[in-house]
Protein chains: 2
Amino acid sequence: MPERLSGVLDVSVDNVIFGFDENILKVLVIERKPFPDEKKGMSAIPGDLVYPKESLDGAAARVLKDLTSLEGLFLKQFHTFGDPNRVKDLKDQEWLTNFRINPERRVITIAYYSLIKMDEYQLLPSYFAEKADWVDVLEVPDLAFDHNEIVSKALEALRHGLEVDQIGFELLPEKFTLTQLQNLYEIILDKKFDKRNFRKNIKKMEHVIPLNEKQEGVLHKPAQLFKFEKDV
Amino acid sequence: MPERLSGVLDVSVDNVIFGFDENILKVLVIERKPFPDEKKGMSAIPGDLVYPKESLDGAAARVLKDLTSLEGLFLKQFHTFGDPNRVKDLKDQEWLTNFRINPERRVITIAYYSLIKMDEYQLLPSYFAEKADWVDVLEVPDLAFDHNEIVSKALEALRHGLEVDQIGFELLPEKFTLTQLQNLYEIILDKKFDKRNFRKNIKKMEHVIPLNEKQEGVLHKPAQLFKFEKDV
DNA sequence: TTTACTTAGTGTAAAAATAACACTTATTAA
DNA sequence: TTAATAAGTGTTATTTTTACACTAAGTAAA
């Protein structure tokens, strides 16, 4: 009978939150409290251990709320990371010693991503996080553990998800213009589209519905507004 | 400071192994040893707890080998299942009581799938598995825990993977005919293709290489053989 | 009231990809 | 020689994708 072990691994969730704004795509990183002899805490993405009785999706939502105050996001699981040597850095080990009951214990982590409109949410750092901040997706700093790898896999998953699952509409104002929508696609996919062809494609989507309203307060020809209808 | 718990979850891996044969797609299920008062052990897909020092991919491979003797498969992680109530069935609980050190402990499981040629592998059940058998993918029996859900998600992932990642060529003999290849696609995707159009598409794939050889021993016009070249 | 500025909005033609379709060919066995 | 079987092959119509440039509607300033 093979060796049988129990309870020697910890399970965490980590969230890669992408923030979208008219012109840019960012990632949410938190900064840990520094140690007494440190200038600046290490940066990381918001994640923490899963409680014994909660679902993974639930844990992801709770942890995110605890660390950043963000709630109500659509969090999509995309990969589980479990390299036994995920914690290579000395600083990371030190941090674990201070904040975990079993710092030496191996942790596997289930990673989620989400995409939100930056300006609709306020980031309020918590007990654990010195601050929570947006960083450009192309200039992600050195992060704790294997978080840089997690972020880059999340970006792949996000791009894939935008095309396949039509995530993304949540990011726009309730009433949006086609130019705003095109912007969103271009920024996330890092790719330009032809205006006319883009609009032709959108017109095929049944859940993008034209409204009898126009943009107001702009100093040029006002655009028609559209809304997104979830269930068709 | 929020409650912080450690070591209260177990981590397992589960493998959904699809077996392909000229005409059919099957799934590998194992049958557990029955209890003394049972006629027949419950069926399940091969999975077990992860050891403290092994990678997840490594655990998936080891567990699979232990339970079925299959080795050297390409195992692809596709989802992690962690519902706190994964174990609903009374029989499942009973089984855990007999075979796990901490039977009441919640288990999250990282699921993998693979696809192999059935006739190239021999299934040898192990200590834990009464037998290991192939069942038609359309007639999967009631399985332990949430294994039915895992299998159906795996099938989705497989179909997606066949088109996107060109998994699938491992399934064919080293030298194969285009009809065999078409068969494989048709069975896995459960969909018919036009012979001529299919062949046109294959000719675009640089890694499918025609050989100067023909099929032998068939009682009809022998087909040209092709091979699959991994790195282009 | 005219002009300048800004972004919205629109159609067409060429090119590429996909879909539909049926007969001839090479081999073996009787 | 014939019958049986699966292999192999091209063309045309349809659909999808791409490339491309001017006019329209509103605001603000002269």
Side-chain angles (χ1 to χ4, degrees), chain A residues 20-24 159-160 162-164 166 169 171-228, chain B residues 20-24 159-160 162-164 166 169 171-228:
Chain A
F20 168 78
D21 164 15
E22 310 285 291
N23 306 299
I24 201 162
R159 287 182 171 155
H160 189 260
L162 180 66
E163 300 188 286
V164 177
Q166 276 159 341
F169 287 93
L171 297 194
L172 293 168
E174 202 185 335
K175 301 172 182 181
F176 55 86
T177 70
L178 295 183
T179 302
Q180 288 175 311
L181 183 60
Q182 182 170 348
N183 244 309
L184 179 141
Y185 273 80
E186 291 186 343
I187 288 160
I188 294 172
L189 300 178
D190 192 23
K191 194 172 164 181
K192 289 281 171 196
F193 294 94
D194 175 90
K195 184 161 62 159
R196 280 181 282 198
N197 294 336
F198 183 83
R199 288 158 116 94
K200 266 180 257 170
N201 289 329
I202 296 299
K203 269 169 197 153
K204 284 184 215 148
M205 298 182 184
E206 295 170 321
H207 47 264
V208 176
I209 297 161
L211 300 169
N212 277 329
E213 281 181 74
K214 288 181 179 179
Q215 216 177 9
E216 275 174 39
V218 288
L219 56 163
H220 56 75
K221 175 173 178 177
Q224 182 173 18
L225 294 172
F226 290 76
K227 69 172 179 175
F228 180 64
Chain B
F20 168 79
D21 164 14
E22 311 285 292
N23 306 301
I24 202 161
R159 288 183 171 153
H160 188 259
L162 181 67
E163 301 188 286
V164 176
Q166 277 160 340
F169 287 93
L171 297 194
L172 293 168
E174 201 184 337
K175 300 170 183 182
F176 55 87
T177 71
L178 294 185
T179 301
Q180 287 176 309
L181 184 60
Q182 183 171 346
N183 245 309
L184 179 141
Y185 272 81
E186 290 184 346
I187 288 159
I188 294 173
L189 301 179
D190 192 25
K191 192 173 164 182
K192 290 280 173 197
F193 294 94
D194 175 88
K195 184 158 65 156
R196 281 181 281 199
N197 294 335
F198 183 83
R199 288 159 116 93
K200 267 180 255 170
N201 289 328
I202 296 300
K203 270 169 197 152
K204 283 183 215 150
M205 299 184 184
E206 296 170 319
H207 48 264
V208 176
I209 297 162
L211 299 170
N212 276 330
E213 280 181 76
K214 288 180 178 179
Q215 214 177 11
E216 275 174 40
V218 287
L219 56 162
H220 55 76
K221 175 171 177 177
Q224 181 173 20
L225 295 172
F226 289 77
K227 69 172 180 175
F228 180 63

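Below, all heavy atoms of this structure are taken into account, side chains as well, without hydrogens, waters or symmetry copies. In what follows, every chain begins at residue 1, and chains take the letters A, B, ... in the order their sequences are listed.
Counting non-hydrogen atoms under 4.0 angstrom, Thr177(B) reaches nothing in the nucleic acid. Contact annotation for Gln215(A): no contact, since no heavy-atom pair falls under 4.0 Å across all strands.
The NZ-P distance, from Lys203(B) to dA17(C), rounds to 17 Å in whole Å. Whole-Å rounding puts the Leu181(B) CG to dG8(D) P distance at 13 Å. When rounded to the nearest whole Å, the span between CZ of Phe226(B) and C1' of dG8(D) equals 10 Å. Going from atom CZ of Phe198(B) over to atom C1' of dT9(D) covers 16 Å, rounded to whole Å. dA8(C) atom P lies 11 Å from atom CG of Leu225(A), rounded to whole Å. In this structure, Asn183(A) places its CG atom 12 Å from P of dT7(C), rounding to the nearest Å. Nucleotide dG8(D) holds its P atom 13 Å from the CD1 atom of Ile202(B), rounded to whole Å. Look at CG on Asp194(A): it is 13 Å from P on dT17(D), rounded to the nearest Å.
A donor-acceptor contact under 3.5 Å is not formed by the side chain of Lys221(B) with the base of dG8(D). Between the side chain of Arg196(A) and the base of dA21(D), at least one donor-acceptor pair of N or O atoms lies under 3.5 Å. Evaluation of atom-type donor-acceptor distances gives a pair under 3.5 Å for the side chain of Lys195(B) against the base of dG8(D). Applying the 3.5 Å distance criterion, the base of dT11(D) shares a donor-acceptor pair with the side chain of Lys200(B).
In this structure, Glu186(B) does not pair ionically with Lys191(B), as no charged nitrogen and carboxylate oxygen lie closer than 4.0 Å. Under a 4.0 Å N-O distance rule, the pair Lys227(B)/Glu174(B) does not qualify as a salt bridge.
Put simply, the side chain of Gln224(A) never gets that close to the backbone of Glu213(A): no donor and acceptor are under 3.5 Å apart. With Gln215(A) contributing its side chain and Pro222(A) its backbone, the two residues share no donor-acceptor pair below 3.5 Å.
Between Leu219(B) and Gln224(B), the residue whose closest nucleotide on DNA chain D is further toward the 5' end is Leu219(B). Residue order along DNA chain C, read from the 5' end via each residue's closest nucleotide, puts Pro222(A) first among Asn197(B) and Pro222(A).
Dashed line: the shortest gap from a side-chain N or O of Thr179(B) to OP1 or OP2 of dA6(D) is not under 4.0 Å. An OP1 or OP2 oxygen of dT28(C) is reached within less than 4.0 angstrom by no side-chain nitrogen or oxygen of Lys214(B).
Taking the six-membered ring for Trp and thresholds of 30 and 60 degrees, Phe193(B) and Phe198(B) have ring planes inclined between 30 and 60 degrees apart.
With dC20(D), dT10(C), dG8(D) as the candidates, the nucleotide lying closest to the side chain of Arg199(B) is dG8(D).
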